[in-house]
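For reference, the structure is listed below as C-alpha cells.
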Amino acid sequence: MEILPQLLVNALIAGSIYALASSGLALMYSLGRILNFAHGHMMMLGAYLFYWFHIELGIGLGGSAIGTAIFMTMLAEVSRLIFVKPFLDFSPLLVLVTTLALGVMFEAIVSMLFGVSVKSLSVGLELSSIEIGPIFITPLQIIIISSAIVLLSLLAIVVHRTALGRKLRAVASHREASSSLGISTENMFRMVFIGGSLLAAFAGIMVGYETNMQPTMGSSYTIKAFAAMMLGGLGNVWGTVLGSYLIGLIENLSIGLDFGGYSLPAGYKDAISFVIILGVLLVRPQGLFGRAARAV
Amino acid sequence: MEYLIHLAILCCLYLILCQSFNLNFGLGASFNLAHVASFALGAYATALLSTEQDWGVALCLSSSVIVSGVFALLIGLIARRLKQDYFAIGTLAFSAVVTALLINWKSLTRGVLGVPGIPRPVIGIVNFYENTNFLIFIGIAAALSQLVLWHLFHCPFARKLKAQSEFENGALAMGIDTGYVRQVSFIIASAFAGLAGAMYAYYLNYIDPSSFSLNEMIFIITVVVIGRPGSFWGVTASTIFLVLLPEPLRFLDIPASVLGPMRQLIYALLLFVTVYWQRANLFPRERKV
C-alpha cells in the first residue's frame with residue numbers, strides 16, 4: 001500500500017495524456033457522430049513532426065512547436081476534407097472504415113520515412129526525478145499534468161464561455177437547426193477537427209518525451225481514446241475527460257496493486273482499455289454520463 | 001515455379017478466409033472485426049496441438065474449426081446486445097483482447113516468441129514439405145470451402161440472413177429468428193476462418209501474434225469491399241487480385257523495410273478509393289417503413 005501515492009501520480013500522468021488525446025475525439029463525435037479512428041495517429045504524427053523539426057533539423061523548441069502546429073493544421077484539414085467530409089451523409093460506419101484506412105496510410109508513410117524502430121524525443125536529456133514526500137516525479141511529468149489542466153481549462157472556457165463555444169454546442173445538439181440559424185457547420189467541423197488534432201499532437205509530443213514513439217503507437221492510443229469516450233459517455237466531452245483519468249487509474253491500479261498475492265502482469269495494461277470498451281458496451285452503452293440511451 | 005506455387009497457396013488460404021467474411025459482412029451486414037481473431041485461434045489451436053500434443057492432421061483441423069466455432073458464440077453474444085457501429089467497435093475491442101491474450105498468456109502461447117516448428121501434415125506417405133503436394137492439400141480444402149460457401153450463399157439460409165440485414169423488423173414479422181440466423185452465420189464464418197488459420201500454421205510452420213493484427217483484418221475488409229460485399233464470385237476474384245497485386249513490387253529495387261509499409265499503403269489506398277466509390281451502397285441504412 002506504500003506505493004499507492006506513486007500509483008495515483010502515475011495514474012494522473014497517464015490520465016492527462018489520455019485526456020488530451022481523447023477530448024478532441026469526443027468533440028468530433030459530439031458534433032457529427034464521427035468516429036475518427038485516425039485520431040491516435042494524429043498523436044503519432046505530432047510526435048514525429050516535432051522529432052523531425054527538433055532532432056533531425058535541429059530547430060529549437062519554439063520553432064519546432066510552431067512548425068509542428070502549422071503542419072498538423074494542414075494535415076488535419078486535408079484529412080477531414082478527403083477522408084471524413086464526403087461520407088458524413090451516409091452511415092457513420094463509413095467514416096470508421098475510411099479513417100481506419102487513413103490511419104494505416106499514416107502508419108505506412110511514417111514507417112517508410114522514419115523507419116519502424118522506436119525513437120525518443122528525450123535523446124540526450126537528463127530527466128532526473130524529484131522526490132516529493134512518498135512519490136518520485138520528474139519535471140516533465142509535472143509539465144504533462146499541468147499542461148493538461150491548463151489546456152483542458154482553456155477548452156472548457158472556449159466551449160462554455162465564448163460565442164464560438166455556443167455555436168459548437170449548438171451544432172452538437174442539433175446540426176440542422178444550427179445551420180438554419182446561420183451557423184456554418186462546415187467551419188465548426190473544421191475547427192473541431194483541427195483543434196482536436198492539435199491537442200492530440202501535443203499529447204503525442206509529450207509521449208515522445210516521456211516514453212518513446214513508434215509508427216504503430218497510433219492505434220493503441222485511438223482505442224484508449226475510444227475506451228475513454230465509451231466510459232464517459234459518447235457525446236460528452238467532460239465525461240470523456242473523466243473517463244480518461246479513470247482509465248489511467250484503472251490501468252495503474254490493476255498493474256500496481258497486489259490482489260492478495262496475485263498481480264496482473266504489466267503486459268495486460270493495454271488490454272484493460274479493450275475490456276473496458278466491451279464491458280461498457282455490454283452493460284451500459286451510454287457510459288457514465290451519456291445522453292439518453294442510444295437505440296442499440 | 002516455386003514462387004508461383006507459393007502464390008497459389010496464399011490465394012487458396014485467403015479465399016477461405018475472405019469468402020467467410022463475405023458471408024458475415026456481405027450477406028449479413030455484420031461488420032465482424034473479430035474475424036481475424038477466429039483466424040488466430042484456428043492457427044494457434046493447430047500449432048499448439050500439433051507441436052505439443054503431436055496430434056494428427058484430422059484432429060488438428062477439426063480442433064481448429066471447433067475452437068473457432070465456439071469462439072463465434074462469444075461474437076454472437078456481442079451481436080445480441082449491439083448494432084451497427086457499436087457492434088464494429090465491440091468486435092474490434094474483442095479482437096484486441098484476443099491479441100492481448102495471445103501475447104501475454106505466455107504459458108499457453110509462448111507470447112511474442114510464437115510457436116515454431118509446426119510440422120507439415122502427415123497423410124500416408126505423402127511428403128507435404130513439397131509445396132506442390134501442399135498446394136494440392138490446401139487447394140482441395142479451398143475448393144471444398146468454396147463449394148460449401150457457394151451453396152450457403154444460394155440457399156434459404158442466405159435469404160434469411162439478407163432479409164434480417166435489410167429490414168430486421170420485417171424479417172421478424174415473417175417469423176425469421178434473426179438472432180439465431182446471425183449466430184449461425186458467425187459460427188460458420190468463424191469455423192472457416194479457423195480452418196484457414198490451421199492451413200496458415202501448417203504452411204508457415206511458425207506463427208506469432210503479430211500476424212493476426214488489425215492490418216490483417218484491414219486486408220480482409222479491403223478484399224471483400226473491393227469484391228462487392230455479398231457477391232460470391234466478386235470476392236473470389238478480388239481475393240486473387242489483391243493477393244497477387246503487391247507481388248510485382250518485389251521485383252523492384254525497394255528495401256525490405258519499405259516494402260512492408262508500401263504494401264500496407266497500397267491496400268489502404270485501394271480500400272479508401274473503393275469505399276469512396278461505393279459509399280452510397282456500403283452499410284446501407286435500414287429501411288424505414
Side-chain angles (χ1 to χ4, degrees), chain A residues 33 35 37 82-83 86-87 89-113 115-117 215-216 219-220 222-223 226-227 229-230 234 264-283 285 294-296, chain B residues 31 33 77-78 80-101 103-106 111-112 213-215 217-218 221-222 225 254-255 257-276 278-285:
Chain A
R33 289 266 307 272
L35 287 169
F37 202 82
I82 300 180
F83 288 87
F87 305 95
D89 292 324
F90 305 94
S91 161
L93 262 178
L94 271 178
V95 177
L96 184 66
V97 175
T98 52
T99 50
L100 200 68
L102 178 64
V104 171
M105 284 191 232
F106 279 149
E107 215 174 281
I109 294 175
V110 171
S111 299
M112 286 195 278
L113 291 175
V116 292
S117 56
T216 52
S219 41
S220 60
T222 305
I223 295 191
F226 266 60
M229 230 172 39
M230 297 267 150
L234 280 170
L264 201 63
Y268 281 107
K269 198 161 161 205
D270 286 334
I272 293 175
S273 4
F274 313 144
V275 175
I276 290 177
I277 294 183
L278 272 175
V280 170
L281 280 177
L282 292 172
V283 171
R294 259 199 52 153
V296 283
Chain B
F31 201 35
L33 293 173
L77 253 171
I78 299 182
R80 220 166 267 275
R81 289 279 300 176
L82 307 172
K83 297 283 186 296
Q84 278 273 310
D85 36 345
Y86 291 104
F87 176 66
I89 300 174
T91 49
L92 181 67
F94 198 44
S95 171
V97 170
V98 169
T99 306
L101 282 171
I103 294 178
N104 289 295
W105 199 343
K106 299 200 181 76
V112 290
S213 63
L214 192 61
N215 289 323
M217 192 66 228
I218 291 177
I221 297 173
T222 309
V225 167
I254 308 175
S257 60
V258 175
L259 194 61
M262 194 166 285
R263 284 179 76 232
Q264 305 278 58
L265 193 59
I266 294 177
Y267 288 138
L269 213 56
L270 275 173
L271 178 62
F272 172 68
V273 166
T274 314
V275 170
Y276 181 81
Q278 288 289 323
R279 66 188 188 272
N281 299 327
L282 283 172
F283 307 112
R285 302 272 179 128

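Lettering of chains follows the sequences in order, A, B, ..., and the numbering in each one begins at 1.
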Choice from [options] maximising heavy atom contacts with chain B below 4.5 Å:
options                               : result
A:Ile223, A:Val97, A:Ile276, A:Val116 : A:Val97
A:Leu35, A:Val280, A:Val104           : A:Val104
A:Gly103, A:Ala108, A:Pro215          : A:Ala108

**Report entry** Choice from B:Ser213, B:Ser95, B:Ala280 maximising heavy atom contacts with chain A below 4.5 Å
**Finding:**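 Looking at each option in turn, the highest pair count goes to B:Ala280.
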Requested in this report: Among the options B:Leu101, B:Leu270, B:Leu269, B:Ile89, pick out the one with the most heavy-atom pairs lying under 4.5 Å from chain A.
Outcome: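 Counting heavy-atom pairs under 4.5 Å, the top option is B:Ile89.
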Query - A:Leu96 versus chain B, the contacting section by heavy-atom distance below 4.5 Å - result: side chain
Report summary line: If one checks every heavy atom of A:Val275 against chain B at 4.5 Å, the contacting part turns out to be both
Query raised in the report: Can you find a heavy atom in the side chain of B:Phe94 that is under 4.5 Å from one in the side chain of A:Phe274?
Result: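 No, every pair of side-chain atoms sits at 4.5 Å or beyond.
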Considering only heavy atoms, which portion of [X] lies under 4.5 Å from any heavy atom of chain A: side chain, backbone, both, or neither?
X        : result
B:Ala88  : side chain
B:Leu92  : side chain
B:Phe31  : side chain
B:Ile266 : neither

Requested in this report: For residues A:Ser111 and B:Pro261, report the shortest heavy-atom separation together with the two atoms involved.
Outcome: CB-CG, 3.6 Å
**Report entry** Minimum heavy-atom distance B:Ala100-A:Ala271, with the two atoms named
**Finding:**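 So the minimum-distance heavy-atom pair works out to CB-CB, 3.4 Å.
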Report task. Please confirm whether the backbone N or O of A:Phe90 pairs with a side-chain atom of B:Arg279, one donor and one acceptor, at under 3.5 Å? Result -> no
Query raised in the report: Only one of A:Leu94, A:Leu100, A:Val95 clears side-chain contact (heavy atoms from CB on, under 4.5 Å) with B:Val275; which?
Result: A:Leu94
Query - All side-chain contact (heavy atoms from CB on, under 4.5 Å) counterparts of A:Ile109, not counting sequence neighbours - result: A:Leu113, B:Leu265
Requested in this report: Measure the CG-OG1 distance between B:Asn215 and A:Thr216 for me, rounded to the nearest 0.5 Å.
Outcome: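 Rounded to the nearest 0.5 Å, the CG-OG1 separation comes to 9.5 Å.
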Requested in this report: Anything under 30° is parallel, anything over 60° is perpendicular, the rest tilted; go ahead and classify B:Phe272 against A:Phe83.
Outcome: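 Geometry flag for A:Phe83 against B:Phe272: tilted rings.
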